[in-house]
Amino acid sequence: MNVIEEVRKNTPLIHHLTNQVVMNFTANGLLSFGGAPVMAKAEEEAAEMAANADGLLINIGTLTAPEIPAMVNAGKAANDKGIPVVLDPVGVAATPFRRHAVEEILQIVQPTAIKGNAAELANLVDISWEMKGVESRGSGDISEVAKQVANRYNTLAVVSGATDVVCDGKRMETNETGHAILSKVTGAGCLLGSILAACLTVEGMAERKALAAVEFYGLAAEYAANSVAVTGPGTFVPAFIDALSLETAQLRRTRP
């Protein structure tokens, strides 16, 4: 199965409850990749929108208290429908408010995957990890973090970083594709959550679909970063969005 081809054949509708900083970038990135974005954060419609979607992304990047019930209701509706739910606990370690919100969501919603950097996922299983704002700064055993998150929450753990780790609690996969320039672009991790949600909508083993998502994302970043027109983060972004529309084989052929 070619996960990326299947996504593009189906054009899954992904409902985003995501942060205000990244909405435009995420929508354009998912459209280029082959999915269809919708963003509805009002409590009055979040559940209905999720029930009409093919996948759900919950991202707490610019979380406010009124958004928490919408996230819970959308998550419950997605669980009831049996569509994938990706939880991105952005900056969960930064404040008690974020941690309590994620705890509330996880008490009611069963995520298909929890995606985040090492510090974010470490916080979910009470492992000490240095963090600055919403960025992971520390070091440690990423594989152990992924394993504990997967087992505690009965989910797929996707740890993004220089080496991505995907774990279902038993099997562990790693990915080395990617480029450091992604760390200079606001919302790069958030868009990965959207791509991951789209990939999880197709048939197959969840960890294989997640691995396909992170590998493709990294290949697209490498391809864009090595474009002659790219001189920094500002010129990288449009090249990256373009690269997300390409075939995996084309991206691989240009690797150093």
Side-chain angles (χ1 to χ4, degrees), residues 2-41 53-55 57 59-62 86 88 90-91 115-117 133-136 158 160-164 175-201 209-256:
N2 186 311
V3 173
I4 311 305
E5 289 180 3
E6 287 295 309
V7 170
R8 290 170 174 171
K9 182 174 71 175
N10 298 334
T11 317
L13 178 66
I14 307 302
H15 178 200
H16 298 68
L17 291 102
T18 192
N19 72 76
Q20 296 177 19
V21 177
V22 305
M23 283 185 176
N24 182 267
F25 180 56
T26 298
N28 285 333
L30 182 61
L31 282 169
S32 179
F33 179 66
V38 63
M39 304 196 181
K41 299 172 75 172
D54 299 304
L57 171 66
N59 175 306
I60 68 162
T62 54
V86 174
D88 193 341
V90 179
K115 182 216 76 71
N117 62 41
V134 299
E135 300 297 329
S136 178
V158 180
S160 59
T163 298
D164 303 310
N175 171 63
E176 301 287 346
T177 67
H179 196 280
I181 199 170
L182 285 171
S183 66
K184 303 297 183 181
V185 176
T186 298
C190 301
L191 173 55
L192 175 58
S194 180
I195 302 296
L196 174 61
C199 288
L200 289 173
T201 64
K209 294 182 286 187
L211 186 63
V214 296
E215 180 192 28
F216 180 89
Y217 200 78
L219 287 171
E222 291 175 359
Y223 182 95
N226 290 319
S227 170
V228 294
V230 171
T231 57
T235 48
F236 169 79
V237 169
F240 181 52
I241 291 176
D242 285 346
L244 289 171
S245 70
L246 301 178
E247 300 295 330
T248 307
Q250 182 178 354
L251 299 175
R252 285 195 178 121
R253 281 197 299 270
T254 60
R255 295 197 80 195

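Scope of the values below: all heavy atoms of this structure, side chains included, with no hydrogens, waters or symmetry mates. Predicted model, so just to flag it, every value in this text is computed and none were measured.
- Classification of E247 and R253 as a salt-bridged pair fails, no side-chain N sitting under 4.0 Å from a carboxylate O.
- Checked by atom type and distance alone, the side chain of T26 never pairs as donor or acceptor with a backbone atom of M23 at under 3.5 Å.
- A search for ring-ring contact (aromatic ring centres under 6.0 Å, His included) contacts involving F216 returns F33, not counting sequence neighbours.
- Minimum heavy-atom separation, V22 to C190: CG2-CB, 3.8 Å.
- Contact of the L30 side chain with the I195 side chain is registered, since non-hydrogen atoms from C-beta on lie closer than 4.5 Å.
- Under the ring pair (Phe, Tyr, Trp, His ring centres under 6.0 Å) criterion, the residue pairs touching residues 224-243 are Y217-F240, F236-F240, with sequence neighbours excluded.
- Atom CG of L192 sits about 9.0 Å away from atom CG of L182, to the nearest 0.5 Å.
- When atom types are taken as modelled, the side chain of N10 and the backbone of V7 share no donor-acceptor pair closer than 3.5 angstrom.
- When all heavy atoms are compared, the tightest approach of P12 to G34 is CD-O, 4.2 Å.
- Listed by first then second residue, pairs satisfying side-chain hydrogen bond (donor to acceptor under 3.5 Å, both in side chains) with a partner in residues 184-198 read H16-S194, not counting sequence neighbours.
- The only member of V214, V158, D88 that meets side chain to side chain contact (heavy atoms under 4.5 Å, CB included) when paired with L196 is V158.
- Atom CE in M39 sits 9.5 Å away from atom NE2 in H15 (nearest 0.5 Å).
- Smallest separation of non-hydrogen atoms from S32 and D242: OG-O, 4.2 Å.
- Residue T177 holds its OG1 atom at 12.0 Å from NE2 of H179, rounded to the nearest 0.5 Å.
- Note that the NZ atom of K209 and the OG1 atom of T201 stand 7.5 Å from one another [nearest 0.5 Å].
- Residues V86 and K115 approach most closely at CG1-CB, 4.4 Å, considering heavy atoms.
- Side-chain contact between E222 and L251: absent, with no pair of heavy atoms (C-beta onward) separated by less than 4.5 Å.
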Apply side-chain contact (heavy atoms from CB on, under 4.5 Å) to N175 and L211, showing your working. CA-CA 7 Å; N175 171 63; L211 186 63; 4.1 Å; yes

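- Here the straight-line distance linking atom CG of L200 with atom CD1 of I14 works out to 8.5 Å at 0.5 Å rounding.
- Nearest approach of N59 to G61, heavy atoms of both residues: OD1-N, 2.8 Å.
- Rounded to the nearest 0.5 angstrom, L17 CG and K41 NZ are separated by 7.5 Å.
- Residues L13 and A53 share a closest heavy-atom pair of O-CB, 3.5 Å.
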Assess whether side-chain contact (heavy atoms from CB on, under 4.5 Å) is satisfied between L31 and S245, documenting all intermediate values. CA-CA 8 Å; L31 282 169; S245 70; over 6 Å; no

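- For the pair E5 and R8, the salt-bridge criterion is not met [side-chain N within less than 4.0 Å of a carboxylate O].
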